[in-house]
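Everything below concerns the one structure shown next.
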Amino acid sequence: MEIDKQEHLELSHDHPAVVYGHKPCLTREAKWLCIDKIYSKFHRPNFYDIGGTYIEDVADYWFTFRTEIVGDIFLFHLFILKKSEGSFAVSLSANSELTFDKKNTQVAFLKNNQKEYNIQREESNNGHPSLDYIVTYHFTDLDVEFLKDRKLYISVDFPAFEGLNSNIINDIKCNHDYRALLEEPFASDFCIESADGIKFKVHKMIISAHSEVFKAMLKEETAESQNNYVKLIDVNGDDLRCMLEFMYTGTVNDLDKVDFVSLLMLSDRYDLKGLRELAQYALAKQINIDNALDILIIADMYDSDMLKRETFKFIKKNKKALHSVTFKEVNNANIIKELCMYLAS
């Protein structure tokens with residue numbers, strides 16, 4: 001898998017825009033967090049320092065992380081410490097998808113698309129700076145093996161804090177469970193109907209907070225906003241229910257009954273990054289000899305590097321998957337070429 005075709009630094013821990021240990025890095029110039037020896041740190045769960053940023057010669061922020069192993073999943077919990085009091089915002093890589101540069105085998109990084117986190121604090125705890133949790137990234141054992149002998153880079157930026165409205169939206173985004181409002185939609189102000197006629201009363205603020213597509217749809221001048229109603233003519237009730245459940249709770253129940261192919265499609269259409277990550281992970285866990293090529297086609301269709309990589313790995317270990325009827329029906333020459341190159345590597 002190659003890196004995205006977007007602007008990246010010549011990644012090196014001594015670059016002025018890279019946060020690494022006590023090396024001077026100005027807050028306004030910070031673009032990447034650099035974590036070295038990440039493989040061994042995953043296998044020795046503990047707290048570890050990343051490094052900090054500065055305003056001139058004054059310490060500003062400090063990043064730390066904690067590793068954890070749950071079953072066969074490796075978790076990377078990221079924290080930030082602000083040296084001064086007051087609220088602030090930080091943007092970080094939005095998901096756990098690993099990418100790399102074939103020309104530089106010493107680095108790996110999380111995709112450069114970012115999510116903004118607003119941290120609200122009225123004052124520090126007893127006058128001392130406090131450590132704030134930001135986000136958790138998750139990796140498979142294959143991901144961690146891939147990170148052996150590599151430094152991991154995480155995209156970072158410090159946007160201006162945008163005030164109350166941004167805080168409200170961010171509050172909805174971060175780990176809050178509004179299931180009760182979905183099941184008993186008190187004060188709902190919008191209705192979404194599925195293709196099979198099932199109607200869901202929802203809240204504009206919640207769906208707008210999670211989806212830029214719904215946010216644009218609900219601007220005052222649109223017909224949907226004026227009518228407080230939209231019908232999704234190609235989304236069935238079960239899939240719509242799962243999508244809304246994720247928006248309101250941050251997760252989906254009864255995972256064994258969920259059509260994650262449909263949820264991947266919906267996450268792509270409505271720009272739901274968290275749901276996309278969940279769907280990709282679930283589909284990667286469902287790969288078997290019978291469906292590997294079907295999932296590979298889906299991964300390519302929705303530009304999922306993570307899912308494509310996991311499918312390639314599975315097929316390389318289980319070449320019987322190539323005898324599937326689907327193989328004869330694949331008409332995407334690029335996919336076949338990529339698969340052949342991977343099998344030959």
Side-chain angles (χ1 to χ4, degrees), residues 1-4 8-15 17-23 25 30-53 62-81 92-115 131 133-156 277-278 280-282 284-285 287 299 304-318 342-343 345:
M1 179 179 53
E2 298 179 359
I3 63 171
D4 296 337
H8 291 284
L9 301 169
E10 290 295 329
L11 292 179
S12 170
H13 68 269
D14 57 0
H15 192 285
V18 171
V19 178
Y20 181 78
H22 291 278
K23 176 187 72 66
C25 177
K31 295 299 178 185
W32 295 93
L33 306 178
C34 175
I35 302 96
D36 65 355
K37 300 179 181 178
I38 184 64
Y39 176 85
S40 62
K41 290 172 181 176
F42 268 129
H43 287 281
R44 291 181 295 184
N46 207 335
F47 275 95
Y48 297 94
D49 287 323
I50 297 175
T53 68
W62 186 264
F63 289 91
T64 187
F65 68 97
R66 180 170 67 88
T67 54
E68 181 181 8
I69 303 174
V70 178
D72 58 353
I73 301 301
F74 293 79
L75 301 179
F76 181 104
H77 307 290
L78 184 60
F79 300 83
I80 188 171
L81 182 147
L92 292 151
S93 297
N95 57 53
S96 305
E97 287 191 46
L98 286 170
T99 60
F100 68 97
D101 186 343
K102 288 183 177 179
K103 296 179 181 179
N104 187 346
T105 60
Q106 303 302 310
V107 304
F109 49 88
L110 300 186
K111 279 196 169 181
N112 200 17
N113 54 315
Q114 295 182 333
K115 176 179 178 180
L131 194 65
Y133 165 77
I134 312 175
V135 64
T136 295
Y137 300 109
H138 58 78
F139 303 95
T140 66
D141 53 351
L142 293 174
D143 291 329
V144 173
E145 190 65 29
F146 164 77
L147 288 169
K148 193 173 184 178
D149 300 323
R150 284 183 164 94
K151 289 183 173 68
L152 175 64
Y153 288 81
I154 300 174
S155 177
V156 65
E277 189 171 350
L278 175 63
Q280 289 176 124
Y281 177 76
K285 288 294 186 181
I287 299 172
S304 171
D305 289 337
M306 173 269 191
L307 189 55
K308 188 185 295 185
R309 183 180 72 247
E310 295 302 314
T311 309
F312 281 167
K313 291 177 182 177
F314 179 89
I315 294 174
K316 189 168 186 176
K317 292 182 178 179
N318 303 272
Y342 187 87
L343 294 178
S345 64

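All values derive from a computational prediction rather than experimental measurement.
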Please list every donor-acceptor pair under 3.5 Å in which a side-chain atom of residues 67-77 meets a protein atom from a residue at least two apart or in another chain.
unit_1	atom_1	unit_2	atom_2	d
T67	OG1	K41	O	2.9
T67	OG1	N46	N	3.2
E68	OE1	H77	NE2	2.7
D72	OD2	K285	NZ	2.9
H77	ND1	T136	OG1	2.7

Can you list the residues that meet the side-chain contact (heavy atoms from CB on, under 4.5 Å) rule with [X], with sequence neighbours excluded?
{"X": "E97", "result": "N95, K111, R276, Q280, D305, M306"}
{"X": "C25", "result": "V19, K23, A30"}
{"X": "S40", "result": "K37, R44"}

Quick check for you: to the nearest 0.5 Å, what is the distance between [X] atom [atom1] and [Y] atom [atom2]?
{"X": "Y48", "Y": "I38", "atom1": "OH", "atom2": "CD1", "answer": "9.0 Å"}
{"X": "L98", "Y": "Y153", "atom1": "CG", "atom2": "OH", "answer": "14.0 Å"}
{"X": "E277", "Y": "S304", "atom1": "CD", "atom2": "OG", "answer": "10.5 Å"}
{"X": "K308", "Y": "Y342", "atom1": "NZ", "atom2": "OH", "answer": "12.5 Å"}
{"X": "F63", "Y": "I134", "atom1": "CZ", "atom2": "CD1", "answer": "5.5 Å"}
{"X": "K151", "Y": "I35", "atom1": "NZ", "atom2": "CD1", "answer": "11.0 Å"}

Worked check of side chain to side chain contact (heavy atoms under 4.5 Å, CB included) between F139 and E145: CA-CA 10 Å; F139 303 95; E145 190 65 29; over 6 Å; no

Side-chain donor/acceptor of S96 to backbone N/O of Y137, under 3.5 Å: no

Donor-acceptor under 3.5 Å (R150 side chain, T105 main chain): yes

What heavy-atom pair brings [X] and [Y] nearest, and what distance separates the two atoms?
{"X": "T64", "Y": "L78", "value": "O-CD1, 3.5 Å"}
{"X": "C34", "Y": "I50", "value": "O-CG2, 3.6 Å"}
{"X": "L110", "Y": "W32", "value": "O-CZ3, 4.0 Å"}

ring-ring contact (aromatic ring centres under 6.0 Å, His included) partners of F79, counting only residues at least two apart: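 Applying ring-ring contact (aromatic ring centres under 6.0 Å, His included) to F79 gives F47, Y133.
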
Steps toward side chain to side chain contact (heavy atoms under 4.5 Å, CB included) verdict (L147, F42): CA-CA 10 Å; L147 288 169; F42 268 129; 4.1 Å; yes

Residues, nucleotides or ligands: over 12 heavy atoms within 6.0 Å of H22 NE2: no

K313: salt bridge (Lys or Arg N to Asp or Glu O under 4.0 Å) partners, not counting sequence neighbours: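 In terms of salt bridge (Lys or Arg N to Asp or Glu O under 4.0 Å), with neighbours along the sequence ignored, K313 is linked to E310.
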
